[in-house]
Amino acid sequence: MSKEITARSQDYAQWYNDLVLKGGLADYSAVRGCMVIKPYGFALWENMRDELDRKFKETGHQNAYFPLFIPKSFLSKEADHVEGFAKECAVVTHYRLKNDPENGGVVVDPEAKLEEELIVRPTSETIIWNTYKDWIQSYRDLPILVNQWANVVRWEMRTRLFLRTAEFLWQEGHTAHATAEEAVAETVQMLDVYADFVQNFMAVPVIKGVKSPSERFAGAVDTYCIEALMQDGKALQAGTSHFLGQNFAKAFDVQFSNKENKLEYVWATSWGVSTRLVGALVMAHSDDDGLILPPRIAPLQVVIVPIYKGNDQKAGIDAKVEGIVKELKALGIRVKYDDNDNSRPGWKFAEYEMKGVPVRIAIGARDIENNVAEIARRDTKTKSSQSLDGIAQHIRQLLEEIQDGMFQKALDYRDSHITKADSWDEFEKLLDEKGGFISAHWDGTAETEAAIKERTKATIRCIPLNNPQEAGACILTGKPSKERVLFARAY
RNA sequence: CGGGAUGUAGCGUAGCCCGGUUAUCGCGCCUGGUUUGGGACCAGGAGGUCGCAAGUUCGAAUCUUGCCAUCCCGACCA
């Protein structure tokens, strides 16, 4: 029952945990900071993954796979990169265990120390660019458009289910280009792919933008991002796409001969989204009764619950439902007929609400007589009676309505939480009382950005793409500014 | 990693301060029956290394120390 879920108003963090755990998405594991993704949660991730994978391939990318381990020396070849990741790396130092005669069990065999330690990848730029050196000689070898689906490890101090785990699943695209223009175009293209996916499939509106220098990816020239807004008014970075310039090509000495037979360094991009998107999805849409999943990526789109007294009624319902299931499946709709006799309808209703199934159909003997079914929408919690004739088409349309409705609701919330602030007092007040994105002038310096973060915990989420140019004065220092940027407290 | 809190059956908990027979209760689970339009009811039953490890003691869920995990706040981050 919904009473098992902590209300958002009471404790937002606990509400989030309740949804993930009780909605059956994931569990804590025996390993610090690492979670078990349960079948329902993984099905959700698979749906996200499959759609993204399709989009990557549509835009000309191929999947490949690179090693989990990275030689320690690789990491330090790009100075900013190692600076950014060194503090959160898991390191393999030995390759063998041996029996421990004293205490039982096994111990690390000191004889089996690696010549060079291996880093468990926190991201794969280094191992991939070391490989690209072998793949690229001529401009004819370019571009290389490769993506990898993988797990990575970042030894985070504080973890949260899906939002920040020590090990997480993601995809990382790594492309190599002959020109800066082409690489930038790729970076922007993939940002668009992400934005399109998150908005149209996850129904989460995002703002596309560029990070300020201090929020940039370690080793990037420019970091583009999509920023989403959660229901508690905090922002969440949902995806990033980096223009890496020639930084990694220089670090790994990857040059190509151009048409004039001159050697040039290769231009690079990298881009990724992770299982964090699952967290974004949960926090963007759900309510105090449980998850609310958008139809396009919900593992289950429709559940049918029979209501009956005795086997005769059940048989009549079964016969009717069989046809409906067939029709729905023919339309590509993911449907389950839950005729499990061990739990009663009310229990099932609550359960599927908790799991966020977009549409529930309840059919009883009474309905069969009237040739109708009760249709309940998870997102609005409204119910209606619907004729069984043409019900599959109706459901298909309803799923689309739900998808659109969820996006519109999230968009309205987001848009009403982008607020301009023109004074420091106003800025602080908005952060504390309203939350969301605050559009304000900034003098462009890292010092001011850091000072604002220090005082308010708010960071510059992004400088929106196509940002209108507007003269103004920095919110903190009063120095001249040429455009507003978006601030928020963030996950 | 610093500060705070917590850890007793699958989940939620009582007991702990002040050590003492068989560790409390509810949900869930199993068996049988009755039920089924918003988390059913009756009867019977199973289920516990009291987070882990040392220590103190005749005796530890209870006292001491260490460790582990989770949550919250902070620093760090996708």
Side-chain angles (χ1 to χ4, degrees), chain A residues 1-6 11-18 21-22 27-35 83-89 103 122-123 151-172 194 211 214-218 223 225-228 235-242 270-280 289-290 305-311 313-314 317 338-354 360-368 370 372-374 376 381 383 385 453-454 457 459 490-491:
Chain A
M1 194 180 278
S2 60
K3 68 187 171 195
E4 292 174 19
I5 298 174
T6 306
D11 184 342
Y12 192 84
Q14 191 54 50
W15 166 79
Y16 173 78
N17 285 329
D18 284 352
L21 297 169
K22 290 168 182 167
D27 259 333
Y28 294 111
S29 75
V31 183
R32 178 189 207 114
C34 297
M35 64 177 173
E83 167 81 20
F85 287 103
K87 282 178 284 183
E88 51 188 43
C89 286
N103 304 309
T123 180
N151 57 339
V152 287
V153 168
R154 296 182 188 175
W155 213 261
E156 300 288 352
M157 288 299 141
R158 187 174 162 200
T159 57
R160 297 193 64 187
L161 294 165
F162 286 112
L163 297 175
R164 182 170 301 107
T165 44
E167 178 193 13
F168 56 95
L169 306 184
W170 76 345
Q171 57 70 218
E172 45 181 328
Y194 288 155
K211 287 292 187 191
S214 42
E215 296 276 329
R216 223 173 252 158
F217 174 75
T223 287
C225 62
I226 49 173
E227 292 286 327
L236 182 91
Q237 180 176 304
T240 47
S241 185
H242 314 290
S270 70
W271 27 275
V273 295
S274 71
T275 36
R276 175 179 243 207
L277 285 179
V278 175
D289 293 323
V305 177
I307 298 162
Y308 56 92
K309 295 181 172 125
N311 288 333
Q313 287 194 357
K314 172 74 169 27
I317 295 167
D338 186 354
D339 65 344
N340 184 341
D341 193 41
N342 294 326
S343 38
R344 291 157 50 101
W347 192 91
K348 291 176 186 171
F349 293 173
E351 180 66 14
Y352 290 110
E353 273 164 16
M354 172 116 81
R360 180 185 72 236
I361 305 176
I363 302 185
R366 203 165 75 199
D367 298 314
I368 301 247
N370 299 324
V372 297
E374 181 194 78
K381 300 210 80 178
K383 293 189 233 181
S385 189
K453 184 179 179 182
E454 175 75 20
K457 288 189 260 175
T459 50
Y491 279 96

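Side-chain atoms are counted along with the backbone in the values below, which use heavy atoms only and exclude waters and symmetry mates. Within every chain, numbering begins at 1; the chains are lettered A, B, ... in the order of the sequence lines, protein sequences first and strands thereafter.
- Shown here, A61(B) forms no base pair; nothing in the strands shown gives a Watson-Crick or G-U wobble contact with both key distances under 3.5 Å.
- On a pure distance criterion of 3.5 Å, a polar donor-acceptor pair joins the side chain of E353(A) and the base of G38(B).
- Distances shown here put every side-chain N or O of Y16(A) at or beyond 4.0 Å from the OP1 or OP2 atom of C71(B).
- Using cut-offs of 30° and 60° on the angle between ring planes, the pair F168(A) and W170(A) is perpendicular.
- Rounded to whole Å, atom C1' of G38(B) lies 8 Å from atom CZ of R360(A).
- For the C1' atoms, the distance from C52(B) to U6(B) is 16 Å, rounded to whole Å.
- Residue L163(A) is in base contact, counting any heavy-atom pair closer than 4.0 Å across all strands shown.
- The gap from the C1' atom of U49(B) to that of C68(B) amounts to 16 Å, rounded to the nearest Å.
- The nucleotide U56(B) finds no pairing partner, because no Watson-Crick or G-U wobble arrangement with both distances shorter than 3.5 Å includes it.
- Atom name P, nucleotides G32(B) and G51(B): the rounded distance is 36 Å, in whole Å.
- Side-chain atoms of N17(A) lie closest to C72(B) of the nucleotides G37(B), G38(B), C72(B).
- In this structure, the nucleotide among C73(B), A78(B), A40(B) sitting nearest to the side chain of K457(A) is C73(B).
- Comparing A78(B), G37(B), C71(B) against the side chain of P345(A) picks out G37(B) as the nearest.
- Taking the six-membered ring where the residue is Trp, Y194(A) and W271(A) present perpendicular rings, their angle passing 60° and hence far from 30°.
- Distances were taken from every side-chain heavy atom of M157(A) (C-beta onward) to each of G37(B), A75(B), C72(B); the shortest belongs to A75(B).
- Contacts of F168(A) with the nucleic acid, taken as non-hydrogen atoms under 4.0 Å apart, include base atoms.
- Taking the C1' atoms as reference points, C11(B) lies 38 Å from C58(B), given to the whole Å.
- With distances taken from any side-chain atom of E88(A) to the nucleotides C72(B), G37(B), C76(B), the minimum falls on C76(B).
- Residue G279(A) is out of contact with every strand shown, counting any heavy-atom pair closer than 4.0 Å.
- A490(A) comes within 4.0 angstrom of nothing in the nucleic acid, heavy atoms only.
- G2(B) is paired with C73(B) under the Watson-Crick or G-U wobble criterion, all donor-acceptor distances under 3.5 Å.
- The same atom, P, is picked in C27(B) and in G19(B); the two are 34 Å apart, to the nearest Å.
- Listed pair R344(A) / A40(B) meets the phosphate criterion, a side-chain N or O lying under 4.0 Å from OP1 or OP2.
- Counting non-hydrogen atoms under 4.0 angstrom, A238(A) reaches nothing in the nucleic acid.
- Counting only heavy atoms from C-beta on, E156(A) has its side chain closest to C76(B) among U35(B), C76(B), G37(B).
- Here the side chain of R366(A) is nearest to one of G37(B), A78(B), G38(B), namely G37(B).
- No hydrogens or angles were tested; on distance alone, a donor-acceptor pair under 3.5 Å links the side chain of K383(A) to the base of G38(B).
- Nearest nucleotide to the side chain of S274(A), out of A78(B), G37(B), U36(B): A78(B).
- A distance of about 38 Å separates the P atoms of G10(B) and A78(B), rounded to the whole Å.
- The same atom, P, is picked in C16(B) and in U24(B); the two are 15 Å apart, to the nearest Å.
- If you check every strand for non-hydrogen atoms under 4.0 Å, S385(A) touches nothing.
- Going from atom CH2 of W271(A) over to atom P of A78(B) covers 18 Å, rounded to whole Å.
- For G2(B), its base never sits under 3.5 Å from the side chain of R158(A) at any donor and acceptor pair.
- Atom CG of N342(A) and atom P of G32(B) are 11 Å apart (whole Å).
- Following rounding to the nearest Å, R160(A) (CZ) and C71(B) (C1') show an atom-to-atom distance of 10 Å.
- Partner assigned to U13(B) is none, using Watson-Crick or G-U wobble distances below 3.5 angstrom.
- Exactly one of D341(A), I363(A), D339(A) qualifies for a side-chain contact (heavy atoms from CB on, under 4.5 Å) with Y308(A). That residue is D341(A).
- Here C50(B) sits opposite no nucleotide as a Watson-Crick or G-U wobble pair (both hydrogen-bonding atom distances under 3.5 Å).
- Using a 4.0 Å heavy-atom cutoff across all strands shown, F349(A) reaches at least one base atom of the nucleic acid.
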Criterion side chain to side chain contact (heavy atoms under 4.5 Å, CB included) on R366(A) and Q313(A), from CA distance to verdict: CA-CA 10 Å; R366(A) 203 165 75 199; Q313(A) 287 194 357; over 6 Å; no
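- Distance check on atom P: A9(B) versus C50(B) gives 9 Å, rounded to whole Å.
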Worked check of side chain to side chain contact (heavy atoms under 4.5 Å, CB included) between E215(A) and Q237(A): CA-CA 11 Å; E215(A) 296 276 329; Q237(A) 180 176 304; 5.5 Å; no
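- Atom CD1 in I5(A) sits about 15 Å away from atom C1' in G12(B), given to the nearest Å.
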Intermediate values then yes/no, side chain to side chain contact (heavy atoms under 4.5 Å, CB included), E374(A) and R360(A): CA-CA 8 Å; E374(A) 181 194 78; R360(A) 180 185 72 236; 4.1 Å; yes
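- Here the side chain of R154(A) pairs a donor or acceptor atom with the backbone of P122(A) at under 3.5 angstrom.
- Heavy atoms only, all atoms of each residue included: L161(A) and Y16(A) are closest at O-OH, 2.7 Å.
- Two residues, C34(A) and K348(A), neighbour RNA chain B, and the one matched to the more 5' nucleotide by heavy-atom proximity is K348(A).
- Side-chain atoms of A350(A) lie closest to G38(B) of the nucleotides U70(B), U36(B), G38(B).
- Using the Watson-Crick or G-U wobble rule with both distances under 3.5 Å, U35(B) pairs with nothing in any strand shown.
- Between K381(A) and D289(A), at least one side-chain N (NZ, or NE/NH1/NH2) sits under 4.0 Å from a carboxylate O, which counts as a salt bridge.
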